[in-house]
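Working notes, beginning with the structure itself.
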Amino acid sequence: MRFIHLLLVFFLFSTVISCRKQNEPDRAPSPTFILMEAEGGEEVIDLGSEGWQIVSVVNKNGDLRIFGDIYTADGQMVRENSLLELEGPGRLDGTGFNRGFDIVYDHDQIHVALVENGTDDVFRFAIVLKKGDEIREIVIEQKVSEGYTFQEITYALDEGDGDSLYRKTGSRYQFNLVTPQQVSVSPYGGVDVLRSASFESGDRDAFVWIRKDSVRVPVPLEIRDGGIGLSGPKDVYGAVTREPFHAAGAVAFIDVPAGGAHFSTTLEWRRRRLSYKLTLKNNRTAQLKEVTGKWVEESPTGKYVIQKDF
(Lines give C-alpha, C1' and ligand atoms only; values in the text may rest on other atoms or scores of the structure.)
Protein backbone atom coordinates (compact mmCIF):
# COMPACT_ATOMS: atom_id res chain seq x y z
CA MET A 1 0.00 0.00 0.00
CA ARG A 2 2.81 2.41 0.88
CA PHE A 3 4.38 1.78 -2.53
CA ILE A 4 1.05 2.40 -4.31
CA HIS A 5 0.58 5.61 -2.32
CA LEU A 6 4.04 6.90 -3.32
CA LEU A 7 3.37 5.98 -6.93
CA LEU A 8 0.12 7.99 -6.93
CA VAL A 9 1.88 11.02 -5.38
CA PHE A 10 4.63 10.86 -8.02
CA PHE A 11 2.04 10.59 -10.81
CA LEU A 12 0.05 13.57 -9.53
CA PHE A 13 3.25 15.65 -9.12
CA SER A 14 4.38 14.83 -12.67
CA THR A 15 0.93 15.72 -14.03
CA VAL A 16 0.95 19.11 -12.27
CA ILE A 17 4.45 19.93 -13.55
CA SER A 18 3.50 18.88 -17.09
CA CYS A 19 0.35 21.02 -17.05
CA ARG A 20 2.27 23.94 -15.67
CA LYS A 21 4.88 23.69 -18.44
CA GLN A 22 2.18 23.51 -21.10
CA ASN A 23 0.45 26.58 -19.72
CA GLU A 24 3.63 28.62 -19.20
CA PRO A 25 4.12 31.43 -21.74
CA ASP A 26 7.31 31.47 -23.86
CA ARG A 27 10.16 33.28 -22.22
CA ALA A 28 11.17 36.54 -23.86
CA PRO A 29 14.50 36.65 -25.71
CA SER A 30 17.35 37.45 -23.36
CA PRO A 31 18.96 39.93 -23.47
CA THR A 32 16.80 42.45 -25.34
CA PHE A 33 19.43 45.23 -25.28
CA ILE A 34 23.12 44.78 -26.02
CA LEU A 35 25.79 47.46 -25.78
CA MET A 36 29.01 46.68 -27.64
CA GLU A 37 32.37 48.38 -27.99
CA ALA A 38 33.43 50.00 -31.25
CA GLU A 39 35.94 47.23 -31.92
CA GLY A 40 33.07 44.79 -32.41
CA GLY A 41 32.63 41.31 -30.99
CA GLU A 42 30.09 38.55 -30.59
CA GLU A 43 26.99 38.00 -28.44
CA VAL A 44 24.53 35.11 -28.07
CA ILE A 45 20.81 35.81 -27.55
CA ASP A 46 18.65 33.08 -26.01
CA LEU A 47 15.22 33.25 -27.63
CA GLY A 48 13.59 31.13 -24.92
CA SER A 49 11.86 28.88 -27.45
CA GLU A 50 11.80 27.95 -31.12
CA GLY A 51 9.44 29.19 -33.82
CA TRP A 52 10.46 32.84 -33.96
CA GLN A 53 10.93 34.62 -37.29
CA ILE A 54 13.28 37.53 -37.98
CA VAL A 55 10.86 39.79 -39.83
CA SER A 56 13.26 42.72 -40.25
CA VAL A 57 16.49 44.37 -39.16
CA VAL A 58 16.05 48.11 -38.64
CA ASN A 59 18.55 50.95 -38.36
CA LYS A 60 17.25 52.91 -35.38
CA ASN A 61 18.74 56.09 -36.78
CA GLY A 62 15.80 56.91 -39.01
CA ASP A 63 14.01 53.56 -38.49
CA LEU A 64 15.00 52.34 -41.93
CA ARG A 65 15.15 48.67 -42.77
CA ILE A 66 18.63 47.35 -43.52
CA PHE A 67 19.60 45.63 -46.74
CA GLY A 68 22.12 42.81 -47.02
CA ASP A 69 22.62 39.20 -48.11
CA ILE A 70 20.49 36.28 -46.92
CA TYR A 71 21.81 32.71 -46.56
CA THR A 72 20.37 29.34 -45.61
CA ALA A 73 21.62 27.49 -42.54
CA ASP A 74 24.06 25.51 -44.72
CA GLY A 75 25.54 28.65 -46.30
CA GLN A 76 23.68 28.87 -49.61
CA MET A 77 22.84 32.42 -50.67
CA VAL A 78 19.09 33.00 -51.00
CA ARG A 79 18.98 36.69 -51.88
CA GLU A 80 21.60 39.37 -52.42
CA ASN A 81 21.25 43.03 -51.43
CA SER A 82 17.75 42.43 -50.13
CA LEU A 83 15.75 43.55 -47.09
CA LEU A 84 16.98 41.33 -44.27
CA GLU A 85 14.56 38.72 -42.90
CA LEU A 86 14.49 35.01 -42.01
CA GLU A 87 11.55 32.64 -41.57
CA GLY A 88 13.75 30.01 -39.97
CA PRO A 89 17.39 29.13 -39.28
CA GLY A 90 19.89 30.90 -41.52
CA ARG A 91 22.31 33.80 -41.70
CA LEU A 92 22.03 37.52 -42.46
CA ASP A 93 25.05 39.49 -43.65
CA GLY A 94 24.60 43.22 -43.09
CA THR A 95 28.18 44.36 -43.53
CA GLY A 96 28.17 47.84 -45.02
CA PHE A 97 30.44 50.83 -45.32
CA ASN A 98 32.87 50.79 -42.36
CA ARG A 99 30.48 48.93 -40.05
CA GLY A 100 28.08 46.01 -40.07
CA PHE A 101 27.03 42.70 -38.59
CA ASP A 102 26.56 39.00 -39.17
CA ILE A 103 23.43 37.40 -37.64
CA VAL A 104 23.09 33.63 -37.38
CA TYR A 105 19.65 32.30 -36.34
CA ASP A 106 19.86 28.76 -34.94
CA HIS A 107 16.42 27.50 -33.73
CA ASP A 108 16.32 29.03 -30.21
CA GLN A 109 19.40 31.25 -30.33
CA ILE A 110 20.69 34.19 -32.31
CA HIS A 111 24.42 34.76 -32.65
CA VAL A 112 25.34 38.37 -33.46
CA ALA A 113 28.85 39.31 -34.60
CA LEU A 114 29.69 42.99 -35.17
CA VAL A 115 32.62 44.22 -37.20
CA GLU A 116 34.47 47.31 -36.05
CA ASN A 117 32.55 50.58 -36.25
CA GLY A 118 34.65 52.77 -38.50
CA THR A 119 32.13 55.60 -38.74
CA ASP A 120 31.79 58.73 -36.63
CA ASP A 121 28.34 57.74 -35.33
CA VAL A 122 26.88 55.30 -32.84
CA PHE A 123 25.52 52.27 -34.72
CA ARG A 124 22.12 51.32 -33.27
CA PHE A 125 19.92 48.70 -34.88
CA ALA A 126 17.11 46.33 -33.92
CA ILE A 127 16.41 42.70 -34.76
CA VAL A 128 12.61 42.46 -34.98
CA LEU A 129 11.18 39.03 -34.08
CA LYS A 130 7.68 37.66 -34.56
CA LYS A 131 5.96 34.53 -33.26
CA GLY A 132 2.26 34.30 -33.87
CA ASP A 133 0.82 37.66 -32.79
CA GLU A 134 3.78 38.44 -30.54
CA ILE A 135 6.47 40.87 -31.71
CA ARG A 136 9.76 41.46 -29.88
CA GLU A 137 12.77 43.69 -30.54
CA ILE A 138 16.40 43.09 -29.68
CA VAL A 139 18.26 46.39 -29.80
CA ILE A 140 22.03 46.42 -30.34
CA GLU A 141 24.06 49.59 -29.87
CA GLN A 142 27.70 49.91 -30.90
CA LYS A 143 29.84 52.71 -29.54
CA VAL A 144 31.91 55.18 -31.55
CA SER A 145 35.58 54.30 -31.83
CA GLU A 146 38.13 56.31 -29.88
CA GLY A 147 40.41 55.96 -32.89
CA TYR A 148 43.95 54.81 -33.53
CA THR A 149 47.42 56.32 -33.43
CA PHE A 150 50.01 55.66 -36.12
CA GLN A 151 52.92 53.53 -34.93
CA GLU A 152 55.01 52.52 -37.94
CA ILE A 153 55.03 51.39 -41.53
CA THR A 154 57.36 48.78 -42.98
CA TYR A 155 57.93 47.57 -46.53
CA ALA A 156 58.87 44.19 -47.97
CA LEU A 157 59.59 42.57 -51.31
CA ASP A 158 57.00 39.84 -51.75
CA GLU A 159 56.27 37.73 -54.81
CA GLY A 160 55.38 39.96 -57.75
CA ASP A 161 56.94 43.05 -56.15
CA GLY A 162 59.85 45.05 -57.51
CA ASP A 163 60.65 47.42 -60.37
CA SER A 164 59.55 47.27 -64.00
CA LEU A 165 60.64 49.68 -66.72
CA TYR A 166 58.79 51.03 -69.71
CA ARG A 167 59.11 53.94 -72.16
CA LYS A 168 56.87 56.88 -72.99
CA THR A 169 57.14 59.67 -75.53
CA GLY A 170 57.90 63.01 -73.89
CA SER A 171 58.34 66.48 -75.30
CA ARG A 172 58.45 67.23 -79.03
CA TYR A 173 60.46 70.07 -80.58
CA GLN A 174 60.14 71.84 -83.91
CA PHE A 175 62.79 74.17 -85.34
CA ASN A 176 63.20 76.27 -88.45
CA LEU A 177 66.71 77.78 -88.31
CA VAL A 178 68.67 79.73 -90.89
CA THR A 179 72.01 78.34 -89.71
CA PRO A 180 72.89 75.20 -87.80
CA GLN A 181 72.91 75.70 -84.03
CA GLN A 182 73.22 73.82 -80.77
CA VAL A 183 69.99 74.31 -78.82
CA SER A 184 69.26 73.56 -75.17
CA VAL A 185 65.95 71.87 -74.35
CA SER A 186 64.23 70.47 -71.27
CA PRO A 187 63.57 66.75 -71.80
CA TYR A 188 61.08 66.79 -68.90
CA GLY A 189 58.92 69.67 -70.07
CA GLY A 190 55.18 69.20 -70.08
CA VAL A 191 52.48 68.98 -67.45
CA ASP A 192 52.21 65.18 -67.41
CA VAL A 193 55.75 64.39 -66.28
CA LEU A 194 54.82 63.60 -62.70
CA ARG A 195 55.83 61.22 -59.97
CA SER A 196 52.70 59.51 -58.69
CA ALA A 197 52.41 57.18 -55.71
CA SER A 198 49.55 55.57 -53.83
CA PHE A 199 48.71 52.97 -51.19
CA GLU A 200 46.38 50.13 -52.19
CA SER A 201 44.73 47.60 -49.89
CA GLY A 202 41.79 45.24 -49.77
CA ASP A 203 41.64 45.61 -45.99
CA ARG A 204 38.37 47.32 -45.03
CA ASP A 205 40.19 49.26 -42.28
CA ALA A 206 43.11 50.31 -44.45
CA PHE A 207 42.22 53.98 -44.86
CA VAL A 208 39.67 54.62 -42.10
CA TRP A 209 41.45 55.31 -38.87
CA ILE A 210 44.01 57.98 -39.73
CA ARG A 211 42.29 59.45 -42.78
CA LYS A 212 41.87 62.82 -41.02
CA ASP A 213 45.34 62.97 -39.50
CA SER A 214 47.38 63.49 -42.70
CA VAL A 215 50.13 61.24 -41.39
CA ARG A 216 53.25 61.49 -43.52
CA VAL A 217 55.13 58.21 -43.81
CA PRO A 218 58.48 57.18 -45.26
CA VAL A 219 58.37 55.65 -48.73
CA PRO A 220 60.87 53.52 -50.67
CA LEU A 221 63.60 55.38 -52.54
CA GLU A 222 65.54 52.45 -53.96
CA ILE A 223 65.77 48.69 -54.07
CA ARG A 224 69.32 47.39 -53.98
CA ASP A 225 70.53 43.82 -53.37
CA GLY A 226 67.14 42.90 -51.91
CA GLY A 227 67.24 45.79 -49.46
CA ILE A 228 64.84 48.74 -49.44
CA GLY A 229 66.09 52.26 -48.82
CA LEU A 230 63.49 54.62 -47.34
CA SER A 231 62.98 58.34 -47.36
CA GLY A 232 62.14 60.40 -44.32
CA PRO A 233 58.45 61.16 -43.67
CA LYS A 234 57.24 62.09 -47.14
CA ASP A 235 53.89 60.96 -48.60
CA VAL A 236 50.57 61.22 -46.78
CA TYR A 237 49.30 57.73 -46.02
CA GLY A 238 46.07 56.97 -47.87
CA ALA A 239 46.41 59.91 -50.27
CA VAL A 240 47.40 59.80 -53.92
CA THR A 241 50.62 61.75 -54.36
CA ARG A 242 51.26 63.60 -57.60
CA GLU A 243 54.24 65.89 -57.88
CA PRO A 244 56.38 67.27 -60.73
CA PHE A 245 59.44 65.22 -61.51
CA HIS A 246 62.66 67.16 -61.05
CA ALA A 247 65.83 65.65 -62.47
CA ALA A 248 69.17 67.17 -61.57
CA GLY A 249 70.62 68.98 -64.56
CA ALA A 250 67.61 68.16 -66.71
CA VAL A 251 68.86 70.19 -69.70
CA ALA A 252 69.86 68.59 -72.97
CA PHE A 253 71.74 70.05 -75.93
CA ILE A 254 70.88 69.01 -79.47
CA ASP A 255 72.48 69.95 -82.75
CA VAL A 256 69.79 71.42 -84.97
CA PRO A 257 70.52 71.70 -88.71
CA ALA A 258 69.49 74.61 -90.85
CA GLY A 259 65.97 74.47 -92.18
CA GLY A 260 63.03 72.63 -90.69
CA ALA A 261 63.68 69.88 -88.15
CA HIS A 262 61.58 67.91 -85.66
CA PHE A 263 62.85 66.12 -82.56
CA SER A 264 61.12 64.04 -79.90
CA THR A 265 62.08 62.73 -76.47
CA THR A 266 61.61 59.17 -75.27
CA LEU A 267 61.58 58.91 -71.47
CA GLU A 268 62.30 55.85 -69.38
CA TRP A 269 59.71 55.28 -66.63
CA ARG A 270 59.71 52.95 -63.64
CA ARG A 271 56.76 51.27 -61.99
CA ARG A 272 57.68 50.22 -58.46
CA ARG A 273 55.48 47.92 -56.40
CA LEU A 274 56.16 46.89 -52.79
CA SER A 275 54.20 45.31 -49.97
CA TYR A 276 53.59 47.35 -46.85
CA LYS A 277 52.44 46.71 -43.28
CA LEU A 278 50.93 49.56 -41.30
CA THR A 279 50.78 49.27 -37.50
CA LEU A 280 48.23 51.30 -35.52
CA LYS A 281 47.58 51.52 -31.76
CA ASN A 282 44.00 51.51 -30.46
CA ASN A 283 43.47 54.60 -28.30
CA ARG A 284 41.07 52.77 -25.97
CA THR A 285 42.58 49.31 -25.58
CA ALA A 286 46.21 50.04 -26.54
CA GLN A 287 46.08 46.93 -28.71
CA LEU A 288 47.90 46.97 -32.03
CA LYS A 289 46.15 46.64 -35.38
CA GLU A 290 47.98 45.70 -38.56
CA VAL A 291 46.92 46.69 -42.06
CA THR A 292 48.59 45.26 -45.15
CA GLY A 293 48.58 46.32 -48.77
CA LYS A 294 50.68 47.49 -51.69
CA TRP A 295 52.53 50.73 -52.33
CA VAL A 296 52.75 51.61 -56.03
CA GLU A 297 54.85 54.37 -57.58
CA GLU A 298 55.25 55.50 -61.18
CA SER A 299 58.04 57.92 -61.98
CA PRO A 300 60.60 58.81 -64.64
CA THR A 301 63.99 57.26 -63.92
CA GLY A 302 65.93 60.26 -65.22
CA LYS A 303 67.06 58.48 -68.39
CA TYR A 304 65.95 59.67 -71.82
CA VAL A 305 66.82 59.72 -75.53
CA ILE A 306 66.25 62.64 -77.91
CA GLN A 307 66.04 61.68 -81.56
CA LYS A 308 65.53 63.58 -84.79
CA ASP A 309 62.26 62.59 -86.42
CA PHE A 310 62.66 64.23 -89.86
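For clarity, every value in this text was computed on a predicted model and none was experimentally measured. Note: hydrogens, waters and symmetry copies are ignored here, and every other heavy atom, side chains too, is used.
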Enclosure of [X] [atom1] (heavy-atom neighbours >12, cutoff 6.0 Å):
X: Q287; atom1: CD; result: no
X: R65; atom1: CZ; result: yes
X: R284; atom1: CZ; result: yes
X: K281; atom1: NZ; result: no

Measuring from atom [atom1] of [X] to atom [atom2] of [Y], what distance do you get when rounded to the nearest 0.5 angstrom?
X: E268; Y: T301; atom1: CD; atom2: OG1; value: 3.5 Å
X: L280; Y: L288; atom1: CG; atom2: CG; value: 9.0 Å
X: L64; Y: S56; atom1: CG; atom2: OG; value: 11.5 Å
X: L129; Y: I135; atom1: CG; atom2: CD1; value: 10.0 Å
X: I140; Y: E43; atom1: CD1; atom2: CD; value: 8.5 Å
X: T149; Y: D213; atom1: OG1; atom2: CG; value: 8.0 Å

In terms of ring plane angle, is the pair Y304 and Y188 parallel, tilted or perpendicular, where the classes change at 30° and 60°?
->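 Rings of Y304 and Y188: perpendicular, as their planes differ by over 60°.
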
Return the orientation label for the Y276 and F199 ring planes: parallel under 30°, perpendicular over 60°, tilted otherwise.
->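 Perpendicular, since the angle between the ring planes exceeds 60°.
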
Compute whether any side-chain donor of one residue and acceptor of the other, for [X] and [Y], lie under 3.5 angstrom apart.
X: T119; Y: D121; result: no
X: E137; Y: T32; result: no
X: T265; Y: Y173; result: yes
X: E116; Y: S145; result: no
X: T241; Y: K234; result: no

Could you check if a side-chain atom of [X] sits within less than 4.5 angstrom of a side-chain atom of [Y], using non-hydrogen atoms only?
X: V208; Y: Y148; answer: no
X: W52; Y: R136; answer: yes
X: F123; Y: N98; answer: no
X: V291; Y: S201; answer: yes
X: I34; Y: V112; answer: no
X: V215; Y: V236; answer: no
X: L278; Y: Y237; answer: yes
X: I54; Y: I110; answer: yes

Strictly distance-based, threshold 3.5 Å: is any side-chain N or O of [X] a donor or acceptor partner for the main-chain N or O of [Y]?
X: Y105; Y: H107; answer: yes
X: D205; Y: W209; answer: no
X: N117; Y: K143; answer: yes
X: N283; Y: E146; answer: yes
X: Q142; Y: A38; answer: yes

Give the intermediate values and the outcome of side-chain contact (heavy atoms from CB on, under 4.5 Å) for residues D309 and R172.
-> CA-CA 10 Å; D309 295 332; R172 298 180 184 275; 4.1 Å; yes

Who are the salt bridge (Lys or Arg N to Asp or Glu O under 4.0 Å) partners of K303, not counting sequence neighbours?
-> none

Non-neighbouring partners of E298 that pass salt bridge (Lys or Arg N to Asp or Glu O under 4.0 Å), sequence neighbours left out =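 So E298 forms a salt bridge (Lys or Arg N to Asp or Glu O under 4.0 Å) with R271.
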
same_hphob_cluster([X], [Y]) at 4.5 Å side-chain heavy-atom cutoff:
X: L114; Y: V104; value: no
X: Y71; Y: V57; value: no
X: I127; Y: M36; value: yes
X: I223; Y: W269; value: no
X: V58; Y: L92; value: no

Could you tell me which residues satisfy side chain to side chain donor-acceptor pair (under 3.5 Å) with [X], sequence neighbours excluded, listed by chain and number?
X: T72; value: D74
X: D158; value: S275
X: D163; value: R272

For side-chain contact (heavy atoms from CB on, under 4.5 Å), just list the numbers for V139 and R124, CA-CA rounded to whole Å, side-chain angles, deciding distance to a tenth of an Å, and then say yes or no.
-> CA-CA 7 Å; V139 177; R124 196 167 189 264; 3.8 Å; yes

Grab the two heavy atoms, one from [X] and one from [Y], that are nearest each other, plus how far apart they are.
X: S171; Y: S186; answer: OG-O, 4.0 Å
X: I153; Y: P218; answer: CG2-CD, 4.0 Å
X: P31; Y: V44; answer: CD-O, 4.1 Å
X: G238; Y: F207; answer: CA-CD2, 3.7 Å
X: Q307; Y: T266; answer: NE2-OG1, 3.3 Å
X: S299; Y: F245; answer: OG-CD1, 3.7 Å

salt_bridge(K294, E200) N-O dist < 4.0 Å =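 No, no charged N to carboxylate O under 4.0 Å.
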
salt_bridge(D120, K212) N-O dist < 4.0 Å =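 So D120 pairs with K212 through a salt bridge.
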
Any chance you could lay out the side-chain contact (heavy atoms from CB on, under 4.5 Å) test for D235 and R195, step after step, and finish with the verdict?
-> CA-CA 12 Å; D235 292 357; R195 169 192 172 263; 2.8 Å; yes

Output a table of donor-acceptor pairs, distance under 3.5 Å, between side-chain atoms of residues 76-91 and any protein atom two or more places apart or on a different chain; print 'none' if there are none.
{"from": "R79", "atom 1": "NE", "to": "S82", "atom 2": "OG", "distance (Å)": "3.2"}
{"from": "R79", "atom 1": "NH2", "to": "E85", "atom 2": "OE2", "distance (Å)": "3.3"}
{"from": "R91", "atom 1": "NH1", "to": "D102", "atom 2": "OD1", "distance (Å)": "2.6"}

State which residue, out of I103, D108, I138, fulfils the side chain to side chain contact (heavy atoms under 4.5 Å, CB included) condition with I45.
-> I138

Take V251 and V185, measure what side-chain contact (heavy atoms from CB on, under 4.5 Å) needs, and give me the verdict at the end.
-> CA-CA 6 Å; V251 176; V185 296; over 6 Å; no

